[in-house]
Amino acid sequence: MTDKNVIWTRFPVVFLAAFFCCTLWGSASPAIKIGYEFFAIPAGDTPSRILFAGVRFILAGLMVIAAGSVLQKRALVPKRSSLKYVAALALTQTILQYVFFYMALAHTSGVRGSIINAAGTFFSIFLAVFVFHFEKLSLRKVIGSIAGFAGVVLIVTGGSAGALSGGFTLQGEGAMILAAFVSSLAGCLIKLFSVHEDPVALSGWQFFIGGICMVVLGLGFGGHLTVTTPLCFPLILYMGFISAGAYTLWGILLKYNPVSQVTILGFINPVMGVLLSAIFLKEAEEALSLTTLGALALVSIGIFIVNFRPGEAMRGKA
């Protein structure tokens, strides 16, 4: 291993890089909701939401492909035999996931969306164990998943055992749960397909192709984007960078460190989502409620537990 690579195994670097990735991902919900305002997209305008998402992912795909080509010192082009994998991922990871995700954020708060979306971690365990057979079920995974899903139930129901008093709607919280499930399915597919193709190439091209499909779909159904402020342009570029930057950096961390040492830091993701929604969307009152804090604690603890492997974590370099 060269000196250039050693730095990625040092815990302070790993933590700061993972924190940066989680901050990017956590900023997605407030960025999308701010984008609805900047581009004048009302809650009921589904075609324009799809168009908005499509533009973002075309940019994200181009960024990932460019960054991957530079890092690997070759043109990042998937093999012809891998096009079916790119298509499957474009459908799941980009089109389906983000149709649900963008729909949800038009009908629920950034705080609630950030916590509910973390359910994807626990859906991934179910799929990995029972559908794809990548892993075996363990007591640790069961306990962590119970804690995590308890947090999701708490934020959805508002703490009421008898009714969905938290304001549950199919277009809002229901769509976010579906987005989390599709995201976990896509993650398992990437693991399955990466045996045949470079995962960075798969991700970059599925972002790009999925984004094109969403733009065509959005325009075809009458979607439009109205530029109401010059801030629209840096915002959409930043949103592309959220996916491209976080994915690329997270992939570097996974390459040079034990998987659990990196993924255990994923508990920061919903924390940053709630914090940034409180700041930029003025949802501080909701973020600081006992229900939200309890749900956030349960989800974060659940993510920590399911990824905690003492023996593997001990092998990380200081």
Side-chain angles (χ1 to χ4, degrees), residues 1-9 13-14 17-18 20-22 24-25 28 53-54 56-98 120-121 124 127-128 131-135 182-215 237 239-263 265-266 269 307 312 316:
M1 182 176 293
T2 66
D3 291 340
K4 181 181 177 181
N5 295 334
V6 168
I7 191 173
W8 296 109
T9 68
V13 175
V14 173
F20 179 70
C21 291
C22 290
L24 285 177
W25 282 319
R56 171 195 174 184
F57 288 111
I58 288 175
L59 292 172
L62 291 173
M63 290 178 186
V64 171
I65 293 167
S69 297
V70 170
L71 290 172
Q72 299 188 24
K73 299 178 181 178
R74 66 179 181 89
L76 204 65
V77 179
K79 300 186 293 287
R80 181 176 296 183
S81 60
S82 298
L83 293 180
K84 57 182 177 293
Y85 306 135
V86 173
L89 289 173
L91 177 62
T92 53
Q93 189 176 21
T94 295
I95 298 173
L96 286 179
Q97 178 188 177
Y98 285 99
T121 297
S124 294
L127 291 171
V131 178
F132 292 93
H133 308 292
F134 292 146
E135 304 176 12
V182 175
S183 174
S184 64
L185 173 62
C188 290
L189 290 178
I190 287 178
K191 182 176 179 64
L192 187 67
F193 298 158
S194 61
V195 175
H196 308 284
E197 181 59 76
D198 177 74
V200 179
L202 286 173
S203 186
W205 283 96
Q206 69 83 17
F207 276 145
F208 182 66
I209 292 173
I212 290 176
C213 292
M214 294 180 85
V215 165
L237 285 172
M239 292 177 66
F241 178 71
I242 289 174
S243 298
Y247 176 84
T248 302
L249 184 54
W250 195 262
I252 292 172
L253 294 178
L254 290 175
K255 180 176 180 179
Y256 295 114
N257 297 276
V259 173
S260 66
Q261 187 179 342
V262 178
T263 56
L265 297 172
N269 195 344
N307 289 291
E312 194 170 291

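Predicted, not measured: the structure shown is a model, and the values here were computed from it.
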Restricting to side-chain hydrogen bond (donor to acceptor under 3.5 Å, both in side chains), what partner residues turn up for Ser243, sequence neighbours left out? Arg56
All side-chain hydrogen bond (donor to acceptor under 3.5 Å, both in side chains) counterparts of Gln72, not counting sequence neighbours: Arg74, Asp198
State which residues pass side chain to side chain contact (heavy atoms under 4.5 Å, CB included) with [X]; sequence neighbours excluded, sorted by chain then number.
X     : answer
Ala17 : Trp8, Leu249, Leu253
Ser69 : Ile65, Leu76
Leu96 : Leu91, Val182

With a 4.5 Å heavy-atom cut-off, do [X] and [Y] have their side chains touching?
X      : Y      : answer
Thr248 : Leu71  : yes
Val14  : Leu265 : yes
Val64  : Val200 : yes
Thr92  : Gln97  : no

How close do [X] and [Y] get, counting heavy atoms only, and between which atoms?
X      : Y      : result
Gly240 : Met63  : C-SD, 3.7 Å
Thr94  : Gly211 : CG2-N, 4.1 Å
Gln206 : Leu89  : OE1-O, 3.2 Å
Ala246 : Cys21  : O-SG, 3.5 Å
Cys188 : Ala128 : SG-N, 4.2 Å

Could you list the residues that satisfy ring-ring contact (aromatic ring centres under 6.0 Å, His included) with [X], not counting sequence neighbours?
X      : value
Phe20  : none
Tyr247 : none
Phe207 : Phe57
Phe241 : none

Identify whether NZ of Lys or CZ of Arg in Lys191 sits under 6.0 Å from the centre of the six-membered ring of Phe134 and within 45° of that ring's axis.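 Yes, Lys191 sits over the ring of Phe134.
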Return the CE to CG distance between Met239 and Leu24, rounded to the nearest 0.5 Å.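 One finds 12.5 Å between CE of Met239 and CG of Leu24.
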What distance separates Leu237 CG from Ile242 CD1, expressed to the nearest 0.5 Å? 11.5 Å
Checking Lys79 now: which residues fulfil salt bridge (charged side-chain N to carboxylate O under 4.0 Å, His left out) with it, not counting sequence neighbours?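 Testing Lys79 for salt bridge (charged side-chain N to carboxylate O under 4.0 Å, His left out), a comparison that skips the adjacent residues, returns Glu197.
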Where does the angle between the aromatic ring planes of Trp205 and Phe208 fall among parallel (under 30°), tilted (30 to 60°) and perpendicular (over 60°)? perpendicular
Do the ring planes of Trp25 and Trp250 sit parallel (below 30°), tilted (30 to 60°) or perpendicular (above 60°)? perpendicular
Ignoring hydrogens and geometry, is there a side-chain-to-backbone donor-acceptor pair from Lys73 to Val70 under 3.5 Å? no
Determine yes or no for a side-chain-to-main-chain donor-acceptor pair under 3.5 angstrom, with Ser194 supplying the side chain and Ile190 the backbone.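 Side chain of Ser194 to backbone of Ile190: a pair is present.
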